J.: 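First the structure, which I've put down as structure tokens, then a few questions once you've had a look.
Every value quoted in this text rests on a predicted model; they were computed, and no experiment measured them.
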Amino acid sequence: MNFLKAEWKNLALFNYEVEAKLLEKYLPVGTEIDIWNNKCYVSLVGFMFKNTKVLGLKVPFHVDFEEVNLRFYVKRFENGEWKRGVVFVKEIVPKKAITFIANTLYQEHYETQKMRHKIHENEETNTFIYQWKDDKEWNTIELETKKIPTEIEIDSEAEFITEHYFGYTKIDEETSFEYEVTHPRWEQLEVLNHRIDIDFEKNYGSDFGFLQNQKPTSVFLAKGSKITVKNKRKLQLKTVLEEMY
């Protein structure tokens with residue numbers, strides 16, 4: 001059964017190269033870090049949820065809203081093939097009910113903050129802005145793009161970042177949740193300029209404070225699409241070990 005259906009639109013992706021060792025304590029059981037071209041990534045992602053339905057129902061005032069998350073990339077070997085997924089360090093949304101549902105049912109790491117977004121359309125470019133308010137300060141991610149979308153190339157960095165179709169959540173040292181996210185292949189908009197004005201340590205803890213002074217390895221905007229989040233299943237260490245041996 002599908003847990004959630006929605007559209008993810010205008011995904012602003014700021015990608016940073018980090019040491020894989022940094023992420024080990026966040027790693028859900030049954031997964032390992034997914035590497036591209038010998039690089040380990042975390043991504044700061046801002047986007048819009050549109051036409052959201054939970055268990056087939058639209059919840060009033062919770063249909064369209066912003067999200068900003070910090071995530072990294074993992075993979076899991078099962079039934080002779082690799083399943084590629086993401087792990088969220090934190091997800092920020094403006095709706096308390098979304099935070100409650102995600103944290104209660106999926107044991108994710110959602111947080112509710114005041115949020116806003118803007119899209120400025122010009123003749124030749126678009127500018128996308130996502131903001132969230134932590135205490136008294138507004139955090140901002142902004143990028144200016146070309147207007148014409150292009151295909152995401154096979155074996156490219158952008159493909160690696162966008163083509164992960166599972167979510168994994170660390171519950172404890174012996175248990176994790178897995179859920180599948182389905183969507184068609186996305187197109188991207190080339191980024192001409194970008195700006196980040198956020199407090200990484202305040203938002204994401206001391207482990208990620210160093211990103212404050214680190215330039216992203218890449219920045220792009222994915223157009224997005226309709227998505228489906230399927231119901232979760234539990235992975236336990238005992239079962240994972242049995243699969244391995």
J.: Do the ring centers of His120 and Phe128 come within less than 6.0 Å of each other?
T.: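 Here the rings of Phe128 and His120 have centres that are no less than 6.0 Å from each other.
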J.: To check you understand the geometry: which heavy-atom pair defines the closest contact between His164 and Asp34, and what is its length?
T.: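 Shortest heavy-atom contact: NE2-OD2, 3.0 Å.
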J.: Hey, does the side chain of Lys170 reach the backbone of Val87 with a donor-acceptor pair shorter than 3.5 angstrom?
T.: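 Checking the backbone N and O of Val87 against the side chain of Lys170, no donor-acceptor pair under 3.5 Å is found.
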J.: Using a strict threshold of under 4.0 Å (side-chain N to carboxylate O), is an ion pair present between Lys39 and Glu157?
T.: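 So Glu157 does not pair with Lys39 through a salt bridge.
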J.: Crowded around Lys9 NZ? As in, over 12 foreign heavy atoms under 6.0 Å?
T.: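 Yes, enclosed.
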J.: Check whether NZ of the Lys or CZ of the Arg Lys230 lies under 6.0 Å from the centre of the six-membered ring of Tyr179 and within 45 degrees of that ring's axis.
T.: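 Negative - Lys230 is either too far from the ring of Tyr179 or too far off its axis.
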J.: Counting only heavy atoms from other residues, nucleotides and ligands, does the tally under 6.0 Å from CZ of Phe100 exceed 12?
T.: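 Incorrect, the count does not exceed 12.
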J.: Do the rings of Phe14 and His194 sit parallel, tilted or perpendicular, given the 30° and 60° boundaries?
T.: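 Perpendicular.
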J.: Does Glu78 form a salt bridge (charged side-chain N to carboxylate O under 4.0 Å, His left out) with Arg76? I'd like the steps, not just the answer.
T.: CA-CA 6 Å; Glu78 185 177 39; Arg76 167 174 163 75; 3.4 Å; yes
J.: Show, in sequence, the C-alpha distance, side-chain angles and deciding distance for Tyr16 and Phe200, and conclude whether the ring pair (Phe, Tyr, Trp, His ring centres under 6.0 Å) test is met.
T.: CA-CA 13 Å; Tyr16 297 84; Phe200 271 98; 5.8 Å; yes
J.: Could you grab the distance from atom CG of Leu143 to atom CZ of Arg195, nearest 0.5 Å is fine?
T.: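 Atom-to-atom, Leu143:CG and Arg195:CZ are 11.0 Å apart.
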J.: May I ask you to say whether Lys50 pairs ionically with Glu7, meaning some side-chain N is under 4.0 Å from a carboxylate O?
T.: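 Result for this pair is no, no salt bridge flagged.
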J.: Ring centroids only, cut at 6.0 angstrom: are Tyr41 and Tyr73 within range, meaning strictly under it?
T.: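 Ring centroids of Tyr41 and Tyr73 are no less than 6.0 Å from each other.
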J.: Please round to the nearest 0.5 Å and tell me the distance separating atom CE of Met48 and atom CH2 of Trp8.
T.: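 Here the interatomic distance stands at 14.0 Å.
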J.: Using the six-membered ring of Trp82, assess whether NZ or CZ of Lys75 lies under 6.0 Å from its centre and within 45 degrees of the ring axis.
T.: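 Here Lys75 passes the 6.0 Å and 45° test against Trp82.
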